[in-house]
There are 2 protein chains.
Amino acid sequence: MRRDVFHAISDPTRRAILTRLALQPMTPNTLAEHFDSSRQAVSKHIKILTECQLLTQQQTGREIYYHFNPRRMKEVVDWLESFQQLWEQRFSQLDQVLKKSKPKK
Amino acid sequence: MRRDVFHAISDPTRRAILTRLALQPMTPNTLAEHFDSSRQAVSKHIKILTECQLLTQQQTGREIYYHFNPRRMKEVVDWLESFQQLWEQRFSQLDQVLKKSKPKK
DNA sequence: ATTATCTGCTACTGAGTGGTTGCAATTTAA
DNA sequence: TTAAATTGCAACCACTCAGTAGCAGATAAT
């Protein structure tokens, strides 16, 4: 089963959950109150987010607080940055081609 | 049918396609030669990427060159940046709490 | 004119997804 | 001790997804 960060943030509900938990750690129950989805649906999203280490657990009694873990989000940031770099590099190569062809005219 | 950028980049093959096309515009056939997937599979990914405007077409004769369109990728960058901002803001709020509680000790 | 090439579209298949329901385990409250 | 609360897990359902195979339209080559 695929459990990578890109897949995790592809769902809008999961992105909303991440936003909530980035502001404040919460238990599944209190988290579910902020969404239209049921507790079980939210819990399933939490499981996916935990499995790819975007969330960490902190149990106190029967309650479990879930915290956002920014370390894994870096994977996405890194990909985007390298992609942007690639894209800009392509244009600089294009510039070189244009400079080389300029003297010919 | 869900056709947003986050879903589009959730597939590793599609990310590889985007990387290829960011370097150099290509036709589906030549693009498929760089992957293990069949032409039809690649073509399906191209369709998805085109529908969410991550790719643009440029037809010349019977060949269609697909170009990467960086504008839509900004949606992901923006979300990540606002998320990062949120995350850092949370810590600054935490700092304020710590500052307020410090005098008490 | 006929054949080959390039491409998109549709139907199909197996796997995965999001959601719901019910249940069991653990912890807290009465 | 008994009842309520919090949570995770498994089974199920309708839907989507990635991939394959076959076909049709348009263009290029012979």
Side-chain angles (χ1 to χ4, degrees), chain A residues 1-21 24-69 72 76 79, chain B residues 1-21 24-69 72 76 79:
Chain A
M1 210 179 301
R2 195 152 47 93
R3 274 300 120 90
D4 58 299
V5 183
F6 286 94
H7 165 251
I9 65 169
S10 71
D11 185 84
T13 306
R14 279 198 288 271
R15 288 201 298 277
I17 289 178
L18 284 174
T19 303
R20 280 277 176 190
L21 292 183
Q24 185 182 15
M26 277 188 195
T27 65
N29 254 346
T30 52
L31 185 60
E33 289 171 5
H34 295 87
F35 293 92
D36 295 336
S37 309
S38 68
R39 178 191 69 83
Q40 286 90 338
V42 171
S43 226
K44 263 195 161 185
H45 286 305
I46 287 178
K47 190 186 177 190
I48 292 173
L49 292 170
T50 305
E51 279 176 356
C52 67
Q53 297 178 302
L54 275 171
L55 297 182
T56 56
Q57 306 184 17
Q58 177 209 348
Q59 187 149 5
T60 62
R62 68 180 164 186
E63 290 180 333
I64 300 180
Y65 282 85
Y66 284 90
H67 298 248
F68 168 65
N69 175 26
R72 288 290 163 186
V76 183
W79 183 78
Chain B
M1 209 180 302
R2 194 152 49 94
R3 274 302 119 90
D4 58 299
V5 182
F6 286 94
H7 166 249
I9 66 169
S10 72
D11 186 85
T13 306
R14 279 198 287 271
R15 288 200 297 278
I17 290 177
L18 284 175
T19 303
R20 281 276 175 191
L21 292 183
Q24 185 182 14
M26 278 188 192
T27 66
N29 255 346
T30 53
L31 185 60
E33 290 170 5
H34 295 86
F35 292 92
D36 296 335
S37 309
S38 68
R39 179 191 69 83
Q40 288 93 335
V42 171
S43 225
K44 260 196 162 185
H45 286 305
I46 288 179
K47 189 187 177 191
I48 291 174
L49 291 170
T50 306
E51 280 176 355
C52 67
Q53 296 177 303
L54 275 172
L55 298 181
T56 56
Q57 307 183 16
Q58 176 208 349
Q59 187 150 4
T60 63
R62 67 182 163 184
E63 290 180 333
I64 301 180
Y65 282 84
Y66 284 89
H67 299 247
F68 168 65
N69 175 25
R72 287 291 163 186
V76 183
W79 183 77

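All chains are named by letter (A, B, ...) in the order of the sequence lines, taking the proteins before the strands, and each is independently numbered beginning at 1.
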Under 4.0 Å from OP1 or OP2 of C:dG19: is there any side-chain N or O of A:Arg14 that close? no

Check nucleotides 2-5 of chain D for protein N or O atoms closer than 3.5 Å to its own N or O atoms and list the pairs.
unit_1, atom_1, unit_2, atom_2, d
D:dA5, N3, A:Arg62, NH1, 3.0

Can you tell me the distance, in whole Å, between the CD atom of B:Glu63 and the P atom of D:dA28? 9 Å

Side-chain donor or acceptor of A:Arg15 paired with backbone N/O of A:Ile9 under 3.5 Å: yes

Apply side-chain contact (heavy atoms from CB on, under 4.5 Å) to the pair B:Leu31 and B:Ile46, showing each step before the final yes or no. CA-CA 10 Å; B:Leu31 185 60; B:Ile46 288 179; 3.9 Å; yes

Nearest whole Å is fine: how far is C:dG16 C1' from A:Asp11 CG? 13 Å

May I have the distance from B:Gln57 (atom CD) to C:dC6 (atom P), rounded to whole angstrom? 17 Å

One character per nucleotide, please: for nucleotides 20-25 of chain D, 5' to 3', B when the base has a protein heavy atom closer than 4.0 Å, S when only the sugar-phosphate does, - otherwise. BBB---

Between B:Val5 and B:Arg72, the two heavy atoms sitting closest are CG2-O, 3.9 Å

Smallest heavy-atom separation, A:Gln57 atom then A:Thr50 atom, equals NE2-CG2, 3.9 Å

Check: A:Val42 main-chain N/O paired with A:Gln40 side-chain donor or acceptor under 3.5 Å: no

Taking only the side-chain heavy atoms of B:Tyr66 (C-beta and beyond), determine which of C:dG8, D:dG8, D:dG19 contains the nearest atom. C:dG8

What is the nucleic acid contact for B:Ile48, judged by heavy atoms within less than 4.0 Å: base, sugar-phosphate only, or nothing? sugar-phosphate

Between the main-chain N or O of A:Ala8 and the side-chain N or O of A:Arg14, is there a donor-acceptor pair closer than 3.5 Å? yes

In this structure, how many angstroms lie between the P atom of D:dA18 and the NZ atom of B:Lys47, rounded? 12 Å

Between A:Ile64 and B:Gln59, who's closer to the 5' end of DNA chain D by nearest nucleotide? A:Ile64

At their closest point, which heavy atom of A:Phe6 faces which heavy atom of B:Ser10, and how far apart are they? O-CB, 3.7 Å

Distance check needed: C:dG18 P versus A:Glu51 CD, whole Å only. 12 Å

Please report, rounded to the nearest Å, how far the C1' atom of C:dT7 is from the CD atom of B:Gln58. 16 Å

Whole angstrom is fine here: how far is it from CD1 in B:Ile9 over to C1' in D:dA18? 18 Å

Within the structure, does a side-chain N or O atom of B:His45 lie under 4.0 Å from either OP1 or OP2 of D:dC17? no

Atom OH of B:Tyr65 and atom P of C:dG8 are separated, to the nearest Å, by 13 Å

Can you tell me if B:Thr27 touches the phosphate of C:dC6, counting only side-chain N or O atoms and a distance under 4.0 Å to OP1 or OP2? no

Can you check whether A:Thr27 reaches A:Tyr66 side chain to side chain, under 4.5 Å on heavy atoms? no

Check whether any side-chain N or O of A:Asn69 sits under 3.5 Å from a backbone N or O of A:Thr56 as a donor-acceptor pair, and report yes or no. no

Between B:Ile46 and A:Gly61, just flag the one whose closest nucleotide in DNA chain C comes earlier from the 5' side. B:Ile46

Please give me the minimum heavy-atom distance between A:Phe35 and A:Thr13, naming the atom from each residue. CE2-O, 4.3 Å

